[in-house]
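Take a look at the structure set out below.
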Amino acid sequence: MYEKMAEPYRIKMVETIKLIPKEEREKRIEEVGYNQFGLKSEDIFIDLLTDSGTGAMSDNQWAGLMLGDESYAGSKNYYNLKDSIKDIIGYNYFVPTHQGRGAENVLFPLLIKEGQYVLGNMHFDTTKAHIELKGGRAVNLVIDDAYDTQKEHPFKGDFDIDKLTSFIEDKGVENCAFIIITVTCNSAGGQPVSMKNIKEVKKVADKYGLRVFFDAARFAENAYFIKKREKGYENKEIKEIIKEMFSYGEGLTMSAKKDGIVNMGGMIALKEDEELFEGVRQNVIPIEGFPTYGGLSGRDMEALSRGLREVVQEDYLQSRIGQVEYLGRKLDEAGIPIQKPVGGHAVFVDAKKMLPHIPYHQFPAQALCVELYKEAGIRAVEIGSFLLGRDPDTNEQLESPLELLRLTIPRRVYTNNHMDVIVEAFKNINERKDQLKGYDFTYEPKVLRHFIAKLKPIE
Ligand SMILES: *Cc1c(COP(=O)(O)O)cnc(C)c1O
């Protein structure tokens with residue numbers, strides 16, 4: 001294989017995108033209160049808001065849609081999906097859910113007693129929300145290096161094993177519900193977890209009699225990083241690595257909108273615990289649907305069944321992770337400060353470093369998002385103080401430790417020419433970065449404000 005390989009697919013169908021004129025972009029973003037969530041997708045040239053549900057399905061997946069068996073119970077697509085899960089993940093039992101949070105909603109009440117802690121490397125926000133809704137408390141026990149954007153570490157999603165052990169000792173094992181390993185660690189920037197660390201977590205879990213689950217949205221990307229970065233795995237097949245990884249857990253929740261390469265879908269899968277599966281089957285009916293379809297139609301289960309088999313292909317993963325790395329490398333070469341090393345699904349630009357003249361309460365990463373749209377019709381997302389919000393007691397704006405702009409790359413959607421345009425846009429902005437202004441609210445909702453807030457530039 002060549003060092004720099006081309007995509008292992010060719011394009012059969014295209015969707016037109018357009019760069020609308022600059023004056024129109026400036027008007028559109030002003031109309032929506034300088035909040036890119038309010039933009040219409042047809043006014044966007046390159047949409048990097050998320051990699052969730054935005055991937056391109058293959059011809060094989062589209063063909064599978066035509067084979068949807070929409071029987072209420074016992075659809076053959078359910079059994080096809082069951083076979084894929086057994087073959088790739090190695091687990092015996094599963095129920096489909098409409099997406100990842102649906103799986104969390106069904107599984108967590110069976111695992112958490114009021115007031116118990118759920119121990120994670122770093123919880124995704126819907127995971128944390130569902131833990132708290134079920135009376136639990138989510139704790140992040142990731143290594144400290146995860147919080148340092150400049151520190152090179154091959155597995156920044158790893159648990160700090162000392163923190164994990166002392167937390168259990170401190171609070172008492174009876175106050176801990178279970179351990180959840182998020183692969184890759186989304187909230188830490190798509191950073192992988194090593195097999196060594198997963199094994200160590202399992203050892204701690206066994207010592208205290210706790211169960212290990214996975215939040216498995218990007219399981220294949222994690223396996224690829226293990227193959228590339230961890231000694232002893234360089235000659236293993238991706239499928240072997242995935243099986244080993246999941247062998248250390250009792251079960252998983254998965255948002256299939258990421259490594260399932262479908263636009264909607266999720267699941268709970270369990271290795272062998274029949275009793276827990278019985279609970280899941282009972283819970284899923286009133287919340288998602290009958291256990292053989294959960295939250296999905298037959299055709300969607302078929303697309304997912306095929307997506308799982310495609311995502312574990314090494315040439316696909318090389319091209320996928322390689323594209324994110326390519327964008328990171330080019331931005332770095334252009335002198336744009338980014339999180340290092342680059343994670344699996346996104347590049348994070350350090351807006352605090354790039355725009356030191358804009359204080360946290362004027363949202364530097366949001367200012368950069370607005371500028372990026374104006375410059376080249378690119379939609380990114382702010383992960384910083386704008387997202388974090390206010391202290392619920394004092395109503396003071398909280399200061400996020402990091403002010404990041406996330407460029408999230410959808411799977412099999414854009415080419416490296418698009419990546420080059422993103423880099424050009426940043427180069428242009430970098431030349432006038434001192435002129436960028438901070439933002440203040442004209443409308444600020446109380447909860448989850450970043451989705452619908454309206455802003456204005458501070459003159
Ligand atoms: C996306 C995601 C979820 C939630 O899944 P949805 O499909 O968006 O409901 C949970 N955990 C992680 C790590 C995720 O990336």
Side-chain angles (χ1 to χ4, degrees), residues 37 48-55 89 94-108 111 118-134 136 138-142 146 156-159 178-193 198 212-223 225 245-246 249 251-269 284 287-289 294-296 300-301 303-304 307-308 311 320 324 343-346 348 381 383 387 404 406-411 448 450-451:
F37 279 99
L48 307 180
L49 194 58
T50 175
D51 67 325
S52 179
T54 53
I89 290 164
F94 94 104
V95 293
T97 58
H98 80 282
Q99 59 184 95
R101 65 199 71 183
E104 294 162 357
N105 194 24
V106 169
L107 180 67
F108 289 174
L111 301 174
V118 177
L119 317 177
N121 39 353
M122 217 167 167
H123 295 274
F124 182 67
D125 45 19
T126 65
T127 317
K128 178 171 183 285
H130 275 294
I131 289 167
E132 288 169 358
L133 283 168
K134 275 82 199 173
V139 215
N140 293 334
L141 300 165
V142 74
K156 270 185 168 175
D158 277 359
F159 272 80
F178 62 97
I179 299 174
I180 187 158
I181 309 176
T182 303
V183 288
T184 56
C185 194
N186 186 355
S187 306
Q191 298 290 334
V193 185
I198 293 172
V212 174
F213 289 84
F214 285 92
D215 181 351
R218 297 178 184 80
F219 70 99
E221 293 175 3
N222 200 81
F225 280 118
M245 208 163 78
F246 287 128
L252 60 83
T253 55
M254 185 193 293
S255 168
K257 299 169 72 170
K258 285 81 172 214
D259 274 353
I261 327 187
V262 289
N263 303 116
M264 190 54 75
M267 71 173 79
I268 297 165
V284 79
I287 297 175
E288 293 278 314
L296 296 177
D300 287 338
M301 289 192 278
L304 173 53
L308 290 176
V311 78
R320 157 72 175 160
V324 180
H345 67 286
F348 291 75
V381 65
I383 313 270
L387 173 74
L404 300 173
R406 186 179 76 186
L407 302 163
T408 341
I409 311 302
R411 294 168 181 77
L448 294 175
H450 63 285
F451 287 121

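Indexing begins at 1, ligand by ligand and atom by atom, following the structure's order. Predicted model only: the values in this text are computed from it and were never measured.
Looking at atom 10 (C) of ligand 1, its nearest protein heavy atom turns out to be Phe124 CD2, 3.2 Å. Summary of contacts: the protein heavy atom closest to atom 8 (O) of ligand 1 is Arg101 NH2, 2.9 Å. Of the protein's heavy atoms, Lys258 NZ, 3.0 Å lies nearest to atom 14 (C) of ligand 1. Looking only at protein heavy atoms, the nearest one to atom 11 (N) of ligand 1 is Asp215 OD2, 2.7 Å. For atom 6 (P) of ligand 1, the closest heavy atom belonging to the protein is Gln99 NE2, 3.2 Å. In this structure, the protein non-hydrogen atom closest to atom 7 (O) of ligand 1 is Ser255 OG, 2.6 Å.
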- [ ] Just do the side-chain contact (heavy atoms from CB on, under 4.5 Å) check on Asp215 and Phe124 with the steps written out, would you?
- [x] CA-CA 9 Å; Asp215 181 351; Phe124 182 67; 4.1 Å; yes
TODO: Let me see the working for His345 and Ile409 under side-chain contact (heavy atoms from CB on, under 4.5 Å), right down to the final yes or no.
DONE: CA-CA 6 Å; His345 67 286; Ile409 311 302; over 6 Å; no
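A salt bridge does not link Lys258 to Asp51: none of the charged side-chain nitrogens sits closer than 4.0 Å to a carboxylate oxygen.
Atoms of ligand 1 found under 4.0 Å from any heavy atom of Arg218 (numbered from 1 in listed order, with element): 15 (O). Within ligand 1, the atoms closer than 4.0 Å to a non-hydrogen atom of Glu104 are 10 (C), numbered from 1 in the order shown. Within ligand 1, counting atoms from 1 as listed, the ones closer than 4.0 Å to a heavy atom of Thr182 are 13 (C).
Judged purely by distance below 3.5 Å, without hydrogens or angles, the side chains of Thr127 and Glu104 pair a donor atom with an acceptor atom. For His98 and Glu288, the side-chain atoms include at least one donor-acceptor pair closer than 3.5 Å.
When heavy-atom distances to ligand 1 are checked against a 4.0 Å cut-off, Lys257 comes that close only through its side chain, counted from C-beta outward. Residue contacts with ligand 1, taken as heavy atom pairs separated by less than 4.0 Å, involve Thr127 solely via side-chain atoms from C-beta onward.
More than 12 heavy atoms of other residues, nucleotides or ligands lie within 6.0 Å of NZ in Lys134, so this atom counts as buried by the packing criterion.
Side chains of Ile181 and Asn121 form a contact here, defined as non-hydrogen atoms less than 4.5 Å apart.
Considering all non-hydrogen atoms of both residues, Gly190 and Phe225 come closest at O-CE1, 4.3 Å.
At a 3.5 angstrom cut-off on N or O pairs, Gly265 does not count as close to ligand 1.
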